[in-house]
Amino acid sequence: MQFMLLFSRQGKLRLQKWYISLSDKEKKKITRELVQTILARKPKMCNFLEWRDLKIVYKRYASLYFCCAIEDQENELITLEIIHRYVELLDKYFGSVCELDIIFNFEKAYFILDEFLLGGEVQETSKKNVLKAIEQADLLQEYFHIMAL
Amino acid sequence: MEAVNLLSSNRYTEKQIGYLFISVLVNSNSELIRLINNAIKNDLASRNPTFMGLALHCIANVGSREMAEAFAGEIPKILVAGDTMDSVKQSAALCLLRLYRTSPDLVPMGDWTSRVVHLLNDQHLGVVTAATSLITTLAQKNPEEFKTSVSLAVSRLSRIVTSASTDLQDYTYYFVPAPWLSVKLLRLLQCYPPPEDPAVRGRLTECLETILNKAQEPPKSKKVQHSNAKNAVLFEAISLIIHHDSEPNLLVRACNQLGQFLQHRETNLRYLALESMCTLASSEFSHEAVKTHIETVINALKTERDVSVRQRAVDLLYAMCDRSNAQQIVAEMLSYLETADYSIREEIVLKVAILAEKYAVDYTWYVDTILNLIRIAGDYVSEEVWYRVIQIVINRDDVQGYAAKTVFEALQAPACHENLVKVGGYILGEFGNLIAGDPRSSPLIQFNLLHSKFHLCSVPTRALLLSTYIKFVNLFPEVKTTIQDVLRSDSQLKNADVELQQRAVEYLRLSTVASTDILATVLEEMPPFPERESSILAKLKKKKGPNTVTDLEDAKRERSADVNGGPEPAPASAASTPSPSADLLGLGAAPPAPVGPPPSSGGLLVDVFSDSPSAVAPLAPGSEDNFARFVCKNNGVLFENQLLQIGLKSEFRQNLGRMFIFYGNKTSTQFLNFTPTLICSDDLQTNLSLQTKPVDPTVDGGAQVQQVVNIECVSDFTEAPVLNIQFRYGGTFQNVSVKLPITLNKFFQPTEMASQDFFQRWKQLSSPQQEVQNIFKAKHPMDTEITKAKIIGFGSALLEDVDPNPANFVGAGIIHTKTTQIGCLLRLEPNLQAQMYRLTLRTSKETVSQRLCELLSEQF
């Protein structure tokens, strides 16, 4: 995967994870173009499209668009499932996740994403294991918080 | 700095925040980088898995080159160490992958590679997943190292696929066992050809069949996630089958499965099915099977509401096109073109053009298709497309008349696209005469038709139309005055654009000054183009994928050459008083800057332009034949091979001559160290003086360089100089030698004389040394006209009514050398029944007679 973007129906970016190195300017440009293209698509259209020389896989969950850019040889359907698995993780962690959760706890969203994907590839496919790792990290945080008091 | 401090703290939160900060805001500040790397190194060395995890995540997220330098050696060790925790192993694998992607050269292959392959057998499926990703990327660069992974992957895959749904517990996703891992394993297998080991291959085939079977079973869950995961595995399996391309029944099954998907309710599946079928269509086994679905695809093209799906349908139609369905497919694509999205029109135009050309049985259909194309999507018809049409029409005589007629009809439409005017103008200019007989398309009507569009066109089109008008002047003298009026009008002669003005002025002058013969020669019909790779294909490749060499420069060169209506008439050589001085020929053009006088008086050239005369290659094959051809003519191609073409043009006057040697680089790569050398034996050097200038040692691809050789005949000579060319092409060293056709007869000046004078001199030259006679068999058909032409080409004057036998040929001339002038008489007697000739040469010098006889005998 080259990058993943989350944005709202109004085009506001909620989360961006880049797995390739690009300058800030380029990132902004890509984001702008892609957001426009995807928002222009109608609901019944298929979830894949070709953009520049990449394949874009996107899915809308409630008010958020989840968008991934993958290379030519990668499997699109499995990417769709990656998106879905990520949403499930968020759901399990936050309990019935909604956009506000992501806005207020964006660092947690990043942490979960990092446990699930690393360097653009799927790291751990077991939902249980990912959530366990996140729980452990949370525990450590609380532990140190208590210790510091 | 604060962040770096945080990194070194032992508290998890602080460390975490520190790392987060670094990942987001890293830049190339070297001080900080060193400190950061230090901190990371400490964390990696610590046995604490959480810290190691954090460190690895940071490296993976940043993945900069400095980090790669620092850690590329460490990480593989962590990866294969026995005591690393699973989660750390996963992170390490993916971290290594990231570093490899950014700096592949810094990740050395070592003995850790075999251990990594073993990870495929690990219990923990997460580790297996990570390892598979890593191996897939590494195997693309070093397939040998990771060959053993193939069998492991196959066994793992079959275990997963055949497992019951409760086996894998948490790794089962909506009743599909480990979909991500299956997909990754299948991707890994695509890096390698089908396994040779029959056991492994058998297992793989079984596996794939199981996957295909499962697709047919009723779904275990209604959720879309289940079907997506299942189908993801299925599509990847189909990709693998296509990649292997070895099992026909698997291919056919895959094709049928895809065919089912083509009509599925879900748009996603239809899209993917179309995409996969594109790759299937190129495999020979399944091409037929793919074609059976053509109706569905065409239907999809017409009814799909999603433009990306329609685009895929077009791609598939292009891929599955072959002779049987070409016409149908092209027709469909044309009708789609009318309503297509603007962004994809150009691509579709190129594709239609390629298909039409490739599968045209009847070229009239091809012409129709292209004209339709221009009509429908004129703006998107790029130059290459209509260049190609012109090339094909010119190369094929049978279609020229039809093309002229169709173009004429098409031009009558009130609103024509400019490209149509271009094509029409060109074709009518060349072949308008083929339809001029019909009163509806008489020359005047043709001209008026074209001229009515003239003012609506852009400058290049107008330039083309002006050329067409002058061609009309040649073809149809009756419209000459009309056209001249047009050319004469102020809007042309004083046109703001230089090209148009120049053309108008020149063409006007040409039409007034030149006689019909010259006009006819100048404006002769375009000769057929040499066959070459279609530049359209090249353009399509360029659009679809970068970095392909195109042949556009060829097409462009051809264009610019023919629009100017062929070569200018050769300037009438000024009759100059022959003065045997160093100033050669006295032609209008000033001679090139005086050649640096060669050091020795003999006129050696070897020193002038080559530093070290390397071994001369033996004479190129065909050199002798070419040489013989040039005895009686002065211009032509001396030598040609894949890389180089050598052309000659020479002029001689008395004992002096000038030869232009043209070296053409037929390739698209530069020639370097290009050194032509003229080699003469010592004997020859004394008799023949050759002077030349050095040539630029670099010859660009497709370019032509010229070399001038000034020749002076000191005395009669028998040998011929050898031209040796050495150059570097690509990485190879090329060495070519040909004989340069500078022969004694070039310095032959014809002399007219009456019959008595001839016989008088003939008797004078009656001593045996002065006469040389040769009886030989005719090598070429004994045609009188050709023979006469050859004798004249040889340099001798052909004397009529001298010999009592009218079938004999008699000639006379003078050989001019610096020292002397030698009179020569020749008589050629043909014997048609025996197909033989008797040639008699009488000159005042024995060697001359000998040589001339030799040379001339070869010609017949």
Side-chain angles (χ1 to χ4, degrees), chain A residues 17-21 41-42 44-51 53 55-57 59 72-85 87-88 107 110-111 114-115 117-133 136-145 147-148, chain B residues 11-14 16 20 50 53 56-57 60-61 63-64 87 90-91 93-95 97-99 101-102 125-126 129-130 133-134 169-171 173 178-181 183-184 186-187 190 225 228-229 231-236 239 266-272 275 305-309 311 545-546:
Chain A
K17 187 78 186 182
W18 299 83
Y19 293 109
I20 44 169
S21 16
R41 281 171 77 81
K42 302 202 202 61
K44 285 291 184 163
M45 289 179 140
C46 79
N47 296 98
F48 317 118
L49 61 109
E50 300 220 329
W51 183 79
D53 56 338
K55 298 202 252 206
I56 306 287
V57 181
K59 193 147 178 192
D72 234 359
Q73 326 89 297
E74 291 185 42
N75 188 317
E76 295 99 325
L77 280 177
I78 211 75
T79 315
L80 210 50
E81 291 316 305
I82 289 179
I83 296 179
H84 188 77
R85 180 34 74 86
V87 172
E88 283 183 347
E107 82 278 8
Y110 276 109
F111 290 153
D114 274 343
E115 284 295 329
L117 298 173
L118 189 59
E121 303 286 333
V122 172
Q123 191 189 169
E124 179 57 71
T125 49
S126 155
K127 206 157 71 172
K128 217 168 51 175
N129 286 350
V130 174
L131 291 169
K132 203 162 66 173
Q136 271 186 338
D138 281 348
L139 274 175
L140 277 174
Q141 272 194 319
E142 297 208 2
Y143 174 69
F144 279 114
H145 265 146
M147 293 299 288
Chain B
R11 292 172 60 176
Y12 176 75
T13 347
E14 294 178 358
Q16 202 183 27
L20 186 59
T50 345
L56 286 168
H57 281 210
N61 282 333
S64 67
S87 57
Q90 278 171 263
S91 313
L94 291 176
C95 187
L97 180 58
R98 176 67 206 275
L99 290 179
R101 284 203 181 129
T102 45
L125 286 186
T129 316
S133 306
L134 179 61
Q169 296 176 325
D170 199 38
Y171 284 94
Y173 180 81
W180 282 284
L181 185 52
V183 167
K184 285 211 190 294
L186 287 165
R187 277 287 304 287
Q190 282 181 48
Q225 278 74 32
N228 274 350
N231 291 325
V233 179
L234 179 61
F235 273 106
E236 201 64 41
S239 298
E266 247 191 74
T267 325
N268 286 346
L269 293 177
R270 292 204 295 271
Y271 179 90
L272 290 175
E275 198 180 2
R305 288 163 57 193
D306 187 341
V307 65
S308 19
V309 181
Q311 187 52 27

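Throughout, a chain's letter reflects where its sequence line sits, starting with A, and its residues are numbered from 1.
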Asker: What pairs with A/N129 under side chain to side chain contact (heavy atoms under 4.5 Å, CB included), at least two apart in sequence or on another chain?
Answerer: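 Side chain to side chain contact (heavy atoms under 4.5 Å, CB included) list for A/N129, sorted by chain: A/E124, A/S126, A/K132, B/H124, B/Y171.
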
Asker: Which residues pass the side chain to side chain contact (heavy atoms under 4.5 Å, CB included) test with A/I82, sequence neighbours left out?
Answerer: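 For A/I82, the residues satisfying side chain to side chain contact (heavy atoms under 4.5 Å, CB included) (neighbours in sequence not counted) are A/M1, A/F116, A/L117, A/V122, B/W180.
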
Asker: Run the side chain to side chain donor-acceptor pair (under 3.5 Å) check on B/Q225 and A/E88 step by step: do they pass?
Answerer: CA-CA 11 Å; B/Q225 278 74 32; A/E88 283 183 347; over 6 Å; no

Asker: Which bit of B/R101 is near chain A, if near means a heavy-atom gap under 4.5 Å: side chain, backbone, both or neither?
Answerer: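 Interface part for B/R101: side chain.
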
Asker: Heavy atoms only, distances under 4.5 angstrom: which of B/S91, B/C95, B/A130 has the most pairs with chain A? Name it, please.
Answerer: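 Of the candidates given, the most pairs with chain A belong to B/S91.
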
Asker: Rounded to the nearest 0.5 Å, how far does CZ of B/F235 lie from CG of B/L269?
Answerer: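 Between B/L269 CG and B/F235 CZ, I get 5.5 Å after rounding to 0.5 Å.
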
Asker: Side chain from CB out, backbone as N, CA, C, O: work out which of these in B/L99 comes under 4.5 Å of a heavy atom of chain A, or both, or neither.
Answerer: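 B/L99 has no heavy atom closer than 4.5 Å to chain A.
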
Asker: Counting only heavy atoms closer than 4.5 Å, note whether A/L118 contacts chain B via side chain, backbone, both or neither.
Answerer: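 A/L118 touches chain B through backbone and side-chain heavy atoms alike.
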
Asker: Looking at A/K55 and A/E74, is any side-chain nitrogen of the basic one under 4.0 Å from a carboxylate oxygen of the acidic one?
Answerer: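 A/K55 and A/E74: not salt-bridged.
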
Asker: Below 4.5 Å, heavy-atom pairs only: which of A/T125, A/T79, A/I20 has the largest tally toward chain B?
Answerer: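 Ranked by heavy-atom pairs under 4.5 Å with chain B, first place is A/T125.
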
Asker: Return the option, out of A/K127, A/K17, A/R85, A/Q73, with the maximum number of heavy-atom pairs under 4.5 Å with chain B.
Answerer: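 The answer is A/R85.
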
Asker: Where does B/E275 contact chain A at under 4.5 Å (heavy atoms): side chain, backbone, both or neither?
Answerer: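 For B/E275, the side chain is the part near chain A, not the backbone.
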
Asker: Heavy-atom pairs under 4.5 Å with chain A are the metric here; pick the option from B/S133, B/S239, B/A93, B/P179 that has the most.
Answerer: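 Max contact count across the listed options: B/S133.
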
Asker: Quick one: what part of A/Y110 sits under 4.5 Å from any heavy atom of chain B, side chain, backbone, both or neither?
Answerer: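 For A/Y110, no heavy atom lies under 4.5 Å from chain B.
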
Asker: Are A/E121 and B/R98 within salt-bridge range, i.e. N to O under 4.0 Å?
Answerer: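 Between B/R98 and A/E121 there is no salt bridge, as every charged N stays at least 4.0 Å from the carboxylate O atoms.
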
Asker: B/H57 vs A/E115, test: side-chain contact (heavy atoms from CB on, under 4.5 Å). Steps then yes/no.
Answerer: CA-CA 9 Å; B/H57 281 210; A/E115 284 295 329; 3.8 Å; yes

Asker: Which answer fits A/A137, side chain, backbone, both or neither, if we ask what part of it has an atom under 4.5 Å from a heavy atom of chain B?
Answerer: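 For A/A137, heavy atoms of backbone and side chain both lie under 4.5 Å from chain B.
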
